[in-house]
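For reference, the structure is listed below as structure tokens.
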Amino acid sequence: PALTAGEFRADGFFKTGDIGMLTPSGALKIIDRKKNLVKLKGGEYVALERMNTVYNGCAVIDVEAGGVCCFADDSLEKPIALAQC
């Protein structure tokens, strides 16, 4: 719980390194990343921006409703993706 709490800002937002904007309908849309390459637990680097681009191009993803948000850090063995379908 303490480590999880440390990842949240005082205003309640989770620090992922993504840069987002709110759409007119109130959805959060990821539009950029502070840092493009992220190092995984095993030392592998992944380009989250590239993953977002590929996944957002899939027909089952609803980009207008938020699309895909990929996340990774040095505590994970593989990146994860949250998708709005």
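On a predicted model such as this, the values are computed, not experimentally measured, just so you know.
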Rounded distance [0.5 Å steps], [atom1] in [X] versus [atom2] in [Y]:
| X | Y | atom1 | atom2 | answer |
| --- | --- | --- | --- | --- |
| M21 | I19 | CE | CD1 | 13.0 Å |
| S25 | E64 | OG | CD | 7.5 Å |
| E77 | E44 | CD | CD | 11.0 Å |
| L28 | L22 | CG | CG | 6.0 Å |
| K41 | D74 | NZ | CG | 9.5 Å |
| K29 | T23 | NZ | OG1 | 8.0 Å |

Is there a path from F14 to L82 through hydrophobic residues (I, L, V, M, F, W, Y) whose side chains come within less than 4.5 Å of each other?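 In one cluster with F14: L82, no.
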Is the closest side-chain heavy-atom distance between [X] and [Y] below 4.5 Å?
| X | Y | answer |
| --- | --- | --- |
| P79 | V38 | no |
| F71 | L76 | yes |
| V46 | L40 | yes |

Which heavy atom of Y55 sits nearest to which heavy atom of V68, and what is that distance?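 Looking at all heavy atoms of both residues, the shortest contact is CB-CG2, 3.7 Å.
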Might you point out which heavy atoms bring I61 and C85 nearest each other, and give the distance in Å? CD1-SG, 4.1 Å
Among I80, N52, N56, which residue satisfies the side-chain contact (heavy atoms from CB on, under 4.5 Å) criterion with C70?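 Going through the options one by one, the only one that passes is N52.
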Do other residues, nucleotides or ligands put more than 12 heavy atoms under 6.0 Å from Y45 OH? no
